[in-house]
Structure formats: C-alpha cells, structure tokens
Amino acid sequence: MSDLWEVFVRPKRGLSHVHVGSLHAADAELALRHARDVYTRRGEGVSIWVVPSVQVTASSPDERDSFFDPAADKVYRHPSFYEVPDELQI
Amino acid sequence: MTSFESAIAEGARIEPRDAMPEDYRATLIRQIAQHAHSEIIGMQPEGAWITRAPSLRRKAILLAKVQDEAGHGLYLYAAAETLGVARSELYDALLTGRQKYSSIFNYPTLTWADVGTIGWLVDGAAIVNQVPLCRCSYGPYARGMVRICKEESFHQRQGFESLLALSRGTPGQHAMAQDAVNRWWWPSLMMFGPPDADSPHSARSTAWGIKRFSNDTLRQRFVDMVVPQAEVLGLTLPDPDLRFDAERGSWDFGPVDFTELREVVAGNGPCNAERLAHRRAAEDDGAWVREAARVHAAKHAQRGAA
Ligand SMILES: [Fe+2]
Ligand SMILES: [Fe+2]
C-alpha cells in the first residue's frame, strides 16, 4: 500500500471535517499521530480522520461541465424561481 | 482560450487534477520544492541554539518555532506532491543539490542574538515574500501559504521581543544585538532574489498568477517595514545610504551585493556544505525508525488479513 494519507480535521464541535492536506505514514495509527503534530499544533482541531490517498475516488475535472450540468437547468429548485406577493414573509 | 487560460484570466484557482501547461506545473514544482527545502534547512541555524537558550521560556519558544518550520516544510511538500512529484524525489533533489533552498540559511548563527535577529529580519522578510503567495493561482500552494502566514507572525514577534530584551540589556548584550543585526541585514535583503532586471522568469510567473509583486517591490516593502522597527529596537541598520525619500514615501537604501548572493546560491556560502551534511546525517540516522515503522505496519496488516 502507498504510504500517502489525506488528512481531514474537524475544527470544532458542530462543524464537519475539512480536508487540510496530506502526509506520509507507515500505517493509520502513525498517520493520526503525524496529522496531530503537523496540522493541529495550535488547537486547530477536535477530531482527525486519515484516509489512504489511493482510496479516494474523485470526479474528473475534464468532465466537470457534463457531470454537473443536470443541476444547471433546474432553476425551479431555487426559492427565487417563485413569485409571491411582496407583503408575504416567506 | 483553454480552460486553464480562462481560469487564470478570471483569477480563479487551479486545482490539482485540472489541465495545466507543463511549464506551469514544472515552475510550481520547482518553486514549492525550493520553498519546502528552505523551511527544512531553515531549522538548522536556530535549532543549533535550542540547547543553549538562556532561559526555559526562550527554549520552549524556540523549540515551538523550529517545530513550526518543520510543519511548514511538510505542508509545502504535500502541496508539491499534488502536482505529481513524489516526496522521495524531492528529498533526493535537495540532498544531491539539484534543487536549492534559500541562500539565507547558509550563514552561521554565532551568538544568541542571531536567534532573535533571524526571527525579526529573516521571518520578517519571509512574511513579506509569502503574504502575496496566499493568493497564488495554484490552490494547494495558496492554502498552504495561508496556514504558514498565520504561524509566521508569532515567529517575527518572538524574535523582536527577544532582540528588544538584549538591546535594552547590559552594554554587552546591546553590542551583541547590534553585531547580529549588522551581519544579517544584507543577507536578509538578498532573500528577495536578484534585481528585477536579472529575474528572467518573473514575467511568466506573474502572468500565471504565481508571482504578484516583483523582487524589488517586495524588497522595498521590507525595508519600509523594518526601518521604523529598528528605531523602536534602539539598533541601527548597517547602511549609510538609508534615507527617507519624502517624495516616494519610501526609504532609499544602498546597493545590495548581488555577487555575494550568486556565490552563496552557487554553493560557496559559509555554511552550504555543513547544512547539507547535517540534513543527510539526519536522513541516515532516521532510516531505522522509518524501516521499523514499515515492518511493524506490514506485520499488523498481515495479522489483520489472516
Ligand atoms: Fe516558515
Ligand atoms: Fe518562520
């Protein structure tokens, strides 16, 4: 297995884990320890995930347009699509 | 217009798997790697004083600062790897001298005052260089720089505080502080690189949104920032030509000896050989740890699979 890991940190309770970078480690346990030392030296996190980089499946940037296109023509999914009287507070 | 060109024109960020010109990729790998190497080699001049810090407080601060520099190196190596280069290749390029690191770290730290001076001037110059990189067109590099810049302000402030304590100390301490500033001033100005006229790749890097300001612009910005600070410190800067130009609203300063910069970059600085030898020894001394971790991981993976 490759020794590259992606690191995700939850900055505080109530927020999601966010990708912060990557690091090299022999196994998951060491990856967690290194992640703590590299990415949270000033209390930047309350929880860390490490994921082997090879396990990440990503959408391709080349097909960005076609992949996300189906969402573009469905304007009726947005509240601004609807006309309601001005005095209505919704 | 390619998707890369339109993204650059809009000021949008380029992300790792986007299509990009090979030269853009190569330029970034070279710049980010050189930056990472500088952080890693940059641990040495100050690291040499950790065991000799004058108080427990200063020792804890210095240790934290040097650890930060290690962290900076690691953020940057991680950013470089998103461009498709392996970490091991970068280490190898550093250790074999194929890639460079900042010339500033090839000067020796002769006294304790050098540590404060480095924090004030060298980290100060690094901040001036790095803040614009937070808006660099390559996403992972820009994000790494945001993280680094947040940490650098502690570096500069602790240096200033330490140097101020010396400057206001005994006459001997004051003289030691002044001597350190005298030695580090000109090398700090060299950190901004050759003058604009001799900076051949600048135009392209600017067009690509990697570089935002020219070397000379940043050098001037640094001088303007530091001159008033030197006054607060009660120390002088070793340049008889320093004079405020009211019309420009900036400080004039004397000519920087770029021959010295070229020499140090070429490997002929006072500490080039020592820095690389130290780095190689650290790499060799750590080999058994990495090997043990690898074997341990393999054994556990096997046990888990069985
Ligand atoms: Fe740094
Ligand atoms: Fe620093």
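Residue numbers start from 1 in every chain, and the chains themselves are labelled A, B, ... in the order their sequence lines are given, proteins ahead of strands. Since we're looking at a predicted model, the values are computed, not measured.
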- [ ] For A:S22 and B:A78, work out which heavy atoms get closest and say how close.
- [x] OG-CB, 3.4 Å

- [ ] Any chance you could measure A:R42, atom CZ, to B:E151, atom CD, to the nearest 0.5 Å?
- [x] 4.5 Å

TODO: May I ask you to decide whether B:K299 forms a salt bridge with A:D27, counting only side-chain N to carboxylate O separations under 4.0 Å?
DONE: no

Task: Part of B:R17 within contact of chain A (heavy atom distance under 4.5 Å) - done: both

Open item on the list: Counting only heavy atoms not in A:K12 (residues, nucleotides, ligands), do more than 12 fall under 6.0 Å from its NZ?
Closed with: no

Task: Minimum heavy-atom distance between B:R147 and A:Y39, given as atom pair plus value - done: NH1-O, 3.5 Å

Task: Atom pair CD/CG of B:E81 and A:L23 - distance to nearest 0.5 Å - done: 9.5 Å

Open item on the list: Quick check on A:R33: does its CZ atom have over 12 non-hydrogen neighbours (other residues, nucleotides or ligands) under 6.0 Å away?
Closed with: no

TODO: With rounding to the nearest 0.5 Å, note down the distance linking CD in A:E44 to NZ in B:K150.
DONE: 8.0 Å

Open item on the list: Between B:Y77 and A:H24, is there a side-chain heavy-atom distance shorter than 4.5 Å?
Closed with: no

Open item on the list: Is A:A58 close to chain B through its backbone or its side chain, or both, or neither, when contacts mean heavy atoms under 4.5 Å?
Closed with: both

Task: Heavy atoms from other residues, nucleotides or ligands near CD of B:E5 exceed 12 (cutoff 6.0 Å) - done: yes

